[in-house]
Amino acid sequence: MSAVLQKLKRFKLRDLHNQKKFGVAGRSCEEVLRKGCLHLQLPVHGSTLCLYEDGTELTGDYFWSVPDDSELVLLTAGQTWQGYASDISRFLSVFQEPHAELIRAARQLLSGEQAPLRQKLLADLLGTVSENIAAETRAEDAPWFEGLESRFRNKSGYLRYSCESRIRSYLREVTSGASLVTTEAREEYLRVVAAMCQKLQAARYNSSYFDRGAKASRRLCTPEGWFSCQGPFDVDDCASRHSINPYSNRESRVLFSTWNLDHVIEKKRTVVPTLAAAVHDAEGREVDWEYFYRLLFTSENLKLVHIACHKKTTHKLHCDPSRIYRAPAVPRRKRRARQRL
């Protein structure tokens, strides 16, 4: 026991209002407290030591079980510490809006941080206070455009391009479905695809889905740019309440690219093969390509989902057999005859 008592334990110490830490060593809790108060010019009477991580008070019995180089906070009478989250709460209470001084303080905390959980909390805080959601142009928020081509001058323009790129990739997959039909039916299949393409071009490839400036009925986000996960294909909503605003900062923009526009009735496994079979087996009937268009390219069959909610299992859902072909038109003469009756 005497050998243990002779051993010096090392700590990193700071007070409540100072981020700067200094080293202190001692053979007891009282010795560390006394040295800390002397260095910080604080009264020993009424002062206590607690762990920076969770606010646990350092007492004589607990002193030897704490690892060397643990971080401590020295509190004077009346002061409290709830753990490292107190740093974040204190900053948020001082600065009600994103502020350069808050960002600098958060970066200072993060620069010397080693614990993974605290790194995440501080990084999340820094990302939040660095958001510039209202900004739209490159001049207003240059960091948001980092890594993008100079032709993108505003956020909405880039998000429209992002959505259009996804829809165009679906169109390419539908076009490649021509290989599923016979040579005789291929011309008709490509005619149907061409009709879809013309409709998509008129709708600008439904790029408005990601444009916060579009009409409410044409976008999947709030006017501020917030998107909510719509949940897996087989449920009505997202149990985890995932949300993201790709307009806020560069990291959110990049992360949003991992969100999926998921086909409820699967595109590759179901919709395209059903379209190919419909063209092949038409026998004079007219394929209702607009029904397939809605399944392939619109929110009627697309759900925006967080990557964790994107189930890649077989959906086992089918196209509606009654909507594959258009109803035959009733000849005018027959309609007039019915009216006379």
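Just so you know, these numbers come straight off a predicted model, no measurement behind them.
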**Asked** Do T314 and E266 have side-chain atoms, one donor and one acceptor, less than 3.5 Å apart?
**Response**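 No donor-acceptor contact under 3.5 Å links the two side chains.
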**Message:** Do T274 and T270 pair up side chain to side chain, a donor and an acceptor below 3.5 Å, judged on atom types alone?
**Reply:**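 Result is no, nothing qualifies.
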**Asked** Who are the side chain to side chain donor-acceptor pair (under 3.5 Å) partners of S65, not counting sequence neighbours?
**Response**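 S65 satisfies side chain to side chain donor-acceptor pair (under 3.5 Å) with no other residue.
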**Request:** Just jot down the side chain to side chain donor-acceptor pair (under 3.5 Å) partners of Q79, sequence neighbours excluded, or say none.
**Result:** T76
**Item:** Nearest-0.5 Å distance that lies between atom CH2 in W289 and atom CZ in R326
**Value:**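 Here the interatomic distance stands at 7.0 Å.
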**Request:** Output the distance between atom SG (C221) and atom CH2 (W226), rounded to the nearest 0.5 Å.
**Result:** 11.5 Å
Are any of the side-chain nitrogens in [X] or [Y] under 4.0 Å away from the carboxylate oxygens of its partner?
| X | Y | result |
| --- | --- | --- |
| K9 | D68 | yes |
| D69 | K12 | no |
| R204 | E164 | no |

**Request:** Is it possible for you to check whether R168 lies under 6.0 Å from the centre of the six-membered ring of Y205, through NZ or CZ, and within 45° of that ring's axis?
**Result:** yes
**Item:** Distance under 6.0 Å and angle within 45° of ring axis: R153 vs F145
**Value:** no
**Request:** Might you work through the side chain to side chain donor-acceptor pair (under 3.5 Å) test for S208 and D211, ending with a clear yes or no?
**Result:** CA-CA 5 Å; S208 62; D211 182 1; over 6 Å; no
**Complete:** Between K267 and the options V272, D262, N301, the side-chain contact (heavy atoms from CB on, under 4.5 Å) test singles out V272
**Prompt:** Would you call the rings of F256 and W259 parallel, tilted or perpendicular, where under 30° means parallel and over 60° means perpendicular?
**Reply:**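 Geometry flag for W259 against F256: tilted rings.
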**Message:** Would you call the rings of W144 and Y158 parallel, tilted or perpendicular, taking 30° and 60° as the class edges?
**Reply:**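 If you compare the ring of W144 with that of Y158, the planes turn out perpendicular.
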**Item:** Min side-chain heavy-atom separation S156-R212 under 4.5 Å
**Value:**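 Contact flag for S156/R212 side chains = yes.
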**Request:** List for me each residue that meets salt bridge (Lys or Arg N to Asp or Glu O under 4.0 Å) alongside E188, sequence neighbours excluded, and say none if there are none.
**Result:**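 Listed in chain order: R191.
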**Request:** Take N206 and R218 through the side chain to side chain donor-acceptor pair (under 3.5 Å) test and state the conclusion after the steps.
**Result:** CA-CA 8 Å; N206 293 326; R218 298 291 300 158; 3.1 Å; yes
